[in-house]
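Comments concern the structure below.
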Amino acid sequence: MYKKRENAVVVKSKEFAIESIKLYKFLVGTKKDFVISKQFLRSATSIGANIKEADISMSKKEFISKLNISLKEASETEYWLELLHESEYITKKQFDFFYSKCVELIKLLTAIIKTASDNLKKIN
């Protein structure tokens, strides 16, 4: 059976989602935070979900649109991480770990969207 090789942004976003779920469990269990951590979890896991949707897009426009949604979710996740850190729910070490991974996803998504948009302009 043929298995499609997953690209870097798919793999990295899934790894980020798994680590985010672990952080959410920690925040709910240890810090008893149910509000900010839930927002963080929702946006952090949505990044990869939208990337997966983009992967099976019917058109280049749909592909770009789904990746833009992922980029927005990554930006929102960055915000929740800042709040979690600045309100002392997570340590600097935890913040640095998640923040660097989130920024890496933002950079990857931005590059992919730019390339796809440039390629779409060439076609039209």
Side-chain angles (χ1 to χ4, degrees):
M1 174 189 252
Y2 172 77
K3 180 165 172 48
K4 182 179 175 183
R5 196 182 119 220
E6 294 195 35
N7 61 42
V9 74
V10 171
V11 171
K12 288 177 185 287
S13 64
K14 186 175 186 179
E15 289 171 354
F16 185 74
I18 291 166
E19 290 300 321
S20 297
I21 292 166
K22 291 175 186 176
L23 179 60
Y24 171 76
K25 287 179 178 180
F26 165 77
L27 290 168
V28 170
T30 306
K31 302 291 184 173
K32 303 300 183 213
D33 173 73
F34 301 96
V35 179
I36 298 173
S37 58
K38 185 71 170 190
Q39 290 293 111
F40 164 74
L41 178 68
R42 188 201 56 75
S43 63
T45 55
S46 184
I47 299 166
N50 281 291
I51 290 169
K52 285 295 282 185
E53 283 189 49
D55 208 26
I56 59 165
S57 295
M58 302 285 266
S59 69
K60 196 64 109 171
K61 280 180 137 178
E62 183 184 1
F63 175 77
I64 294 166
S65 176
K66 287 294 180 185
L67 288 184
N68 271 308
I69 293 169
S70 287
L71 181 58
K72 288 177 183 179
E73 294 292 344
S75 180
E76 181 182 336
T77 301
E78 185 179 39
Y79 174 75
W80 294 123
L81 283 168
E82 290 167 356
L83 284 182
L84 285 166
H85 176 61
E86 291 170 26
S87 62
E88 300 177 358
Y89 275 99
I90 60 174
T91 65
K92 172 119 174 71
K93 184 178 178 181
Q94 288 171 312
F95 173 77
D96 289 345
F97 173 82
F98 282 94
Y99 196 80
S100 66
K101 301 238 181 248
C102 188
V103 168
E104 181 182 13
L105 286 170
I106 289 170
K107 288 178 181 178
L108 277 170
L109 287 164
T110 301
I112 295 166
I113 291 166
K114 182 182 177 345
T115 300
S117 296
D118 289 349
N119 289 341
L120 184 60
K121 288 176 188 171
K122 290 177 187 175
I123 295 169
N124 293 330

(Q) Please enumerate all residues that pass side-chain contact (heavy atoms from CB on, under 4.5 Å) together with Lys22, with sequence neighbours excluded. (A) Ile18, Glu19
Q) Who pairs with Lys93 by salt bridge (charged side-chain N to carboxylate O under 4.0 Å, His left out), at least two apart in sequence or on another chain? A) none
Q: Taking side-chain contact (heavy atoms from CB on, under 4.5 Å) as the test, write out the residues that go with Lys101, two or more places apart.
A: Phe16, Phe97
Q | Non-neighbouring partners of Tyr99 that pass ring pair (Phe, Tyr, Trp, His ring centres under 6.0 Å), sequence neighbours left out | A | Phe95
Q: Measure the spacing between CD1 of Ile47 and NZ of Lys14 and express it to the nearest 0.5 Å.
A: 15.0 Å
Q) What's the shortest heavy-atom distance between Cys102 and Ala74, and which atoms? A) SG-O, 3.2 Å
Q | Spacing of CG belonging to Leu120 relative to CD1 belonging to Ile64, to within rounding of 0.5 Å | A | 5.0 Å
Q) What's the shortest heavy-atom distance between Ser20 and Phe40, and which atoms? A) OG-CZ, 3.5 Å
Q | Over all atoms of both residues, closest heavy-atom pair of Leu27 and Ser37 | A | CD1-CB, 3.6 Å
(Q) The criterion is side chain to side chain donor-acceptor pair (under 3.5 Å); which residues satisfy it with Thr91, sequence neighbours excluded? (A) Gln94
Q: Please answer: with hydrophobic residues joined when any side-chain heavy atoms are less than 4.5 Å apart, are Tyr89 and Phe26 in the same cluster?
A: yes
(Q) If the condition is side-chain contact (heavy atoms from CB on, under 4.5 Å), which residues does Thr110 pass it with, not counting sequence neighbours? (A) Leu71, Ile106
Q) In terms of hydrophobic clustering (I, L, V, M, F, W, Y; side-chain heavy atoms under 4.5 Å; direct or indirect links), are Val11 and Phe98 co-clustered? A) no
Q: Output the rest of the hydrophobic cluster of Leu41: all Ile, Leu, Val, Met, Phe, Trp and Tyr residues reachable through side-chain heavy-atom contacts under 4.5 Å, sorted by chain and number.
A: Ile21, Tyr24, Val28, Phe34
Q) Partners of Glu15 by salt bridge (charged side-chain N to carboxylate O under 4.0 Å, His left out), sequence neighbours excluded? A) none
Q: Establish whether Ile112 and Val103 are linked, either directly or via other cluster members, by ILVMFWY side-chain heavy-atom contacts under 4.5 Å.
A: yes
Q.
If we ignore hydrogens and angles and just use 3.5 Å, is the side chain of Ser57 paired with the main-chain N or O of Ala54 as donor and acceptor?
A. yes
Q) Out of curiosity, Leu67 CG to Ser117 OG, how far, rounded to the nearest 0.5 Å? A) 9.0 Å
(Q) Going by side-chain contact (heavy atoms from CB on, under 4.5 Å), name the residues that satisfy it together with Val10, two or more places apart in sequence or in a different chain. (A) Glu6, Asn7, Ile51, Lys52
Q.
For Asp118, is there an ion pair with Lys122 - N to carboxylate O distance below 4.0 angstrom?
A. no
Q. CG of Leu84 to CD of Gln39: how many Å apart, nearest 0.5 Å?
A. 10.5 Å
Q: Return the set of residues passing side chain to side chain donor-acceptor pair (under 3.5 Å) with Glu53 (not counting sequence neighbours), or none when no residue passes.
A: Lys66
Q. Rounded to the nearest 0.5 Å, what separation is found between the CD1 atom of Ile113 and the CG atom of Leu108?
A. 10.5 Å
Q | Qualifying salt bridge (Lys or Arg N to Asp or Glu O under 4.0 Å) pairs with a residue from residues 31-48, counting only residues at least two apart or across chains | A | Arg42-Glu73, Arg42-Glu76
**Q.** Ser13 side-chain N/O to Val9 backbone N/O, donor-acceptor pair under 3.5 Å
**A.** yes
Q.
I'd like to check the salt bridge (charged side-chain N to carboxylate O under 4.0 Å, His left out) partners of Glu82; sequence neighbours left out, ordered by chain and number.
A. none
